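Note that the structure is a prediction, hence the values are computed from the model and not measured. In this chain, residues are counted from 1 in sequence order.
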Amino acid sequence: MTAATHSTLFPRVPDSADAVLDGLDPEQREVALALGGPVCVLAGAGTGKTRAITHRIAYGVRAGILQPTTVLAVTYTNRAAGEMRGRLRQLGATGVQARTFHSAALRQLQYFWPKAVGGELPRLVERKVQLVAEAAARCGIRLDRNELRDATSEIEWAKVTQTVPADYPAAVAKTQRDAPRDPAELSQIYGMYEQLKRDRSVIDFEDVLLLTVGILQDRHDIAEHVRRQYQHFVVDEYQDVSPLQQRLLDLWLGDRDDLCVVGDAGQTIYSFTGATPDHLLNFRTRHPNATVVKLVRDYRSTPQVVHLANGLLSQARGKAAEHRLELVSQRDKGPEPVYTEYADEPAEAEGTARRIRDLIAAGVPAGEIAVLYRVNSQSEVYEQALADAGVPYQLRGAERFFDRPEVREAGVALRGAARAGGNDSLLDGADDLPSEVRAVLSTKGWTSKPPAGSGAVRDRWESLAALVRLAEDFEQAKPGATLSDLVAELDERAAAQHAPTVQGVTLASLHSAKGLEWDAAFVVGLTEGMMPIAYAKTDEQVEEERRLLYVGVTRARFHLSLSWAVSRSPGGRAGRRPTRFLNGLRPGSSAAGMRAGTGGGGGIDRGTGTGAGRSADGAGRDARARRRGPVRCRVCGRTLTEAGEMKLMRCEDCPSDMDEALFGRLREWRAERAKEISQPAFCVFTDKTLMAIAEAVPADEAELVVIPGVGNRKLARFGADVLTICAGRTLDPASGEDHGDV
């Protein structure tokens, strides 16, 4: 064997069990040596979790502690399972099973079906869409292509959460899920779909898990057979386990606890598919004697990127935030993250394309650069900007904008309307180009207001809305342009974007970027309403949006850019605000609820601990104590002397990031309260205090009490009302009672 063979692609197999441990950091080594009892590995982004668990398995096998055929390692994609098998082979641990939940269950189902049920296993339907379409038709419900995809996704969600058709509407209400259509209709389609499968003796992907669970529950002899075969389990990406997958894992384990799970609650971004981090977060509760190892040494990103990632999660709330990991970069220093505000979306795309072109010129390969956005419909303007700049790109997880079915359909409809001209009654009353486009696209699903929720219906609307915006921009650039002119422009744009995609800059949604990394990442479109997305209403949904941004930030190894546009189109009203998630992190912004980390450093934890919280009064005193000394403008840094400016923590003429709608609601509430207590409005709160509240948007009493002009007395009297309004909730009429003197 030549020396060239011993490259990173073909490393030398360690010559002993101890050699398997070489090169592991102290925490990774703890994982490798923790071979007995339940083990929970909390692994942050870029900390080498796959390396840790494969070396754990390999060390156990090479040391003779684990028999390779008794180990089952479970991960979430075939690609990840293949990578794990490859690494184990390179470490000399052949014979270990590394599979997805579905492939492991299917293998068992195929083997035990003849014994448990008899005959051959029913045929597996790999694509259930056609069957869902037939089920809808039999129910008298007409679904277009996108609605069909949404209905199929809802059926999949119901099955992995172990929800039967009759219980689906109640489950939607309980989980506050945004169903793509009437839950009663979806329940009917779901029920008919299950009936069709029974009639035709076929099963779907989710049935593989359900049937395996059913056999292991009903046939104790088969369950014992499986448990004799597999005695040691490793589960990767444990934060994304569904209730159904957890049930299957419990049945595999039986009353044993030889289980190692690996995950990061800070990267839970797939709850809409039924995934839940609860199993990871409650692991110590279920297994009080578990060994918990935290991997926090980040080998992927520079200290500058890691600092921002830690800052994002330091502001998080909820149960997942209590278990956050504070990463420690192991790389040399790099450039600071770049925060850029643009006048409008086209300027943001063009600026991003220019910076990417400069990076490529400086030697960064195009394939090591990514543009990441919240929804797929945002890609179009970046496709155009990169094409104009001569930069090759590739789309990941989405079709090219002009290849999307709804865009092609819209093009046909617009072309037909252009040919018909004034003879098309659809255009009656449309007095300019944008109104003509809106009229035509309204027949394809465009509405003046976006649909609730996410999924295919929302994606379709976003694509059509992008065409409407394009028409508005085209009209502004070329007054008097006709529908035929716009169609010609669309054709030219489609042709210009047919650029080679190999080795190009990656355009990807934040969801599809999970598990990937690049030398340079541009996270774009970071405005309120897009991040967090407008339909994220509950606290849990908003926190998942924060984690989604965290995932995007941690994709960058070296260069990180975050940007937003204050207006949608050139010359438009500059009313947009950058995402609240960057408050206190980007230059010139104020902190909003940043807290010290509770995740702590890396290491091994074999005990349990509790913490005591502070009262709002205590938090307020601490914050005021920290603020003693000169008060400086949080935007420009100038020392403030005027009382009004000190309340706002900024100069009067420095830009404000105030939520104007919130300020208006607070003023209306103040007027009502002042009338109730027969006092002037300023006795409730002054305008400056209300402005400070609308800029800070406090989430709890500790954040409200430290705002100048509030204090403990007004907190006790008005705090509940103010926090309710800041949270966007409706006031209880009973909350306006008088609590004493101002």
Report task. Go through Glu341 and Trp564 one step at a time and tell me if the side chain to side chain donor-acceptor pair (under 3.5 Å) criterion holds. Result -> CA-CA 5 Å; Glu341 181 173 283; Trp564 58 93; 2.8 Å; yes
Report task. Show your working on side-chain contact (heavy atoms from CB on, under 4.5 Å) between Thr447 and Trp461 and close with a plain yes or no. Result -> CA-CA 8 Å; Thr447 56; Trp461 183 90; 3.4 Å; yes
Requested in this report: Let me see the working for Glu326 and Arg324 under salt bridge (charged side-chain N to carboxylate O under 4.0 Å, His left out), right down to the final yes or no.
Outcome: CA-CA 7 Å; Glu326 189 151 358; Arg324 76 178 186 86; 3.6 Å; yes
Query raised in the report: Are Val338 and Thr340 close enough, and set up right, to give a side-chain contact (heavy atoms from CB on, under 4.5 Å), and what steps lead you there?
Result: CA-CA 6 Å; Val338 176; Thr340 310; 3.5 Å; yes
Query raised in the report: Passes side-chain contact (heavy atoms from CB on, under 4.5 Å), Phe101 versus Val235? Steps please.
Result: CA-CA 9 Å; Phe101 268 107; Val235 184; 4.2 Å; yes
Report task. Take Glu545 and Phe581 through the side-chain contact (heavy atoms from CB on, under 4.5 Å) test and state the conclusion after the steps. Result -> CA-CA 9 Å; Glu545 292 288 299; Phe581 299 147; 3.9 Å; yes
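Contact of the Leu91 side chain with the Ile57 side chain is not registered, since no non-hydrogen atoms from C-beta on lie closer than 4.5 Å. Side-chain contact check for Val524 versus Tyr382: some heavy-atom pair is nearer than 4.5 Å. Counting heavy atoms from C-beta outward, Gln315 and Arg580 have side chains that stay 4.5 Å or more apart. By the 4.5 Å heavy-atom criterion applied to side chains, Val437 and Leu414 are counted as neighbours. Within the 4.5 Å cutoff, side-chain heavy atoms of Val234 are placed close to those of Arg56. You'll find the side chain of Glu348 stays beyond 4.5 Å of the side chain of Asp344, heavy atoms only. The side-chain heavy atoms of Val160 and Gln245, taken from C-beta on, include no pair separated by under 4.5 Å. Put simply, the side chain of Leu560 reaches to within 4.5 Å of the side chain of Val553, judged on heavy atoms.
Tyr270 contributes no side-chain N or O that, together with a main-chain N or O of Gln239, makes up a donor-acceptor pair within less than 3.5 Å. In this structure, the side chain of Thr152 engages the main chain of Leu148 through a donor-acceptor pair within 3.5 Å. Remark: the backbone N or O of Gly334 is paired with a side-chain donor or acceptor of Gln304 at under 3.5 angstrom. Listed for the Thr579 side chain is no donor-acceptor partner under 3.5 Å among the backbone atoms of Leu582. In this structure a side-chain-to-backbone donor-acceptor pair under 3.5 Å is missing from Ser512 to Ala508. In this structure, His559 contributes its side chain and Pro335 its backbone to no donor-acceptor pair below 3.5 Å. The backbone N or O of Gln541 sits nowhere less than 3.5 Å from a side-chain atom of Glu544 that would complete a donor-acceptor pair. Of the possible polar contacts, one joining the Ser301 side chain to the Ala556 backbone as a donor-acceptor pair under 3.5 Å is found. The main-chain N or O of Glu380 is never found under 3.5 Å from a side-chain atom of Gln384 such that the two would form a donor-acceptor pair. Of the possible polar contacts, none joining the Gln267 side chain to the Asp264 backbone as a donor-acceptor pair under 3.5 Å is found.
Listed by chain and residue number, Glu660 satisfy the salt bridge (charged side-chain N to carboxylate O under 4.0 Å, His left out) test with Arg573 (two or more places apart in sequence, or in another chain). With sequence neighbours excluded, the residues that form a salt bridge (charged side-chain N to carboxylate O under 4.0 Å, His left out) with Glu156 are Lys128. Asp240 meets the salt bridge (charged side-chain N to carboxylate O under 4.0 Å, His left out) test with no other residue; sequence neighbours excluded. Taking Arg331 as the reference, nothing meets the salt bridge (charged side-chain N to carboxylate O under 4.0 Å, His left out) condition, with sequence neighbours excluded. Checked against side chain to side chain donor-acceptor pair (under 3.5 Å), Glu517 has the following partners two or more places apart in sequence or in another chain: Arg300, Arg557.
A salt bridge does not link Lys294 to Glu27: none of the charged side-chain nitrogens sits closer than 4.0 Å to a carboxylate oxygen. Under the 4.0 Å criterion applied to side-chain N and carboxylate O atoms, Arg355 and Glu350 are not assigned as salt-bridge partners.
Of the inter-residue distances, the one linking Thr352 atom OG1 with Arg357 atom CZ reads 12.5 Å to the nearest 0.5 angstrom. Interatomic distance, CG of Leu486 versus CZ of Arg415, reported as 10.5 Å (0.5 Å rounding). Atom OG1 of residue Thr506 and atom CG of residue Leu516 lie 8.0 Å apart, to the nearest 0.5 angstrom. To the nearest 0.5 Å, the span separating CD on Glu528 from CZ on Arg577 amounts to 5.0 Å. The distance from the CG atom of Leu562 to the OH atom of Tyr339 is 6.0 Å, given to the nearest 0.5 Å. Atom CG of Leu308 sits about 11.5 Å away from atom CG of Leu327, to the nearest 0.5 Å.
Among all heavy-atom pairs drawn from Arg87 and Arg51, the shortest one is NH1-N, 3.4 Å. Heavy atoms only, all atoms of each residue included: Val262 and Ala43 are closest at CG1-CB, 4.1 Å. Contact record, Pro578 with Arg586: CG-NH2, 3.1 Å, taken as the closest heavy-atom pair. Heavy atoms only, all atoms of each residue included: Met530 and Val375 are closest at SD-CG2, 3.9 Å. Across all non-hydrogen atoms, the minimal contact from Ala81 to Ala98 is CB-O, 3.7 Å. The nearest pair of heavy atoms linking Ala385 to Ala353 is O-CB, 3.7 Å.
Ring orientation note: the planes of His102 and Phe205 are close to parallel, at an angle under 30° on the 30°/60° scale.
Around atom NE2 of His307, no more than 12 heavy atoms belonging to other residues, nucleotides or ligands sit under 6.0 Å away. Around CG of Asp332, the count of heavy atoms belonging to other residues, nucleotides or ligands within 6.0 Å does not exceed 12.
Tested against Gln28, the residues Val293, Val41, Leu295 include a single side-chain contact (heavy atoms from CB on, under 4.5 Å) partner, Leu295.
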Donor-acceptor list for residues 464-477 side chains, cut-off 3.5 Å, not counting sequence neighbours:
| unit_1 | atom_1 | unit_2 | atom_2 | d |
| --- | --- | --- | --- | --- |
| Glu472 | OE1 | Arg568 | NH2 | 2.6 |
| Glu472 | OE2 | Arg438 | NH2 | 2.9 |
| Gln476 | NE2 | Pro570 | O | 3.0 |

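Under 3.5 Å, the side chains of Asp485 and Thr482 contain a donor-acceptor pair of N or O atoms.
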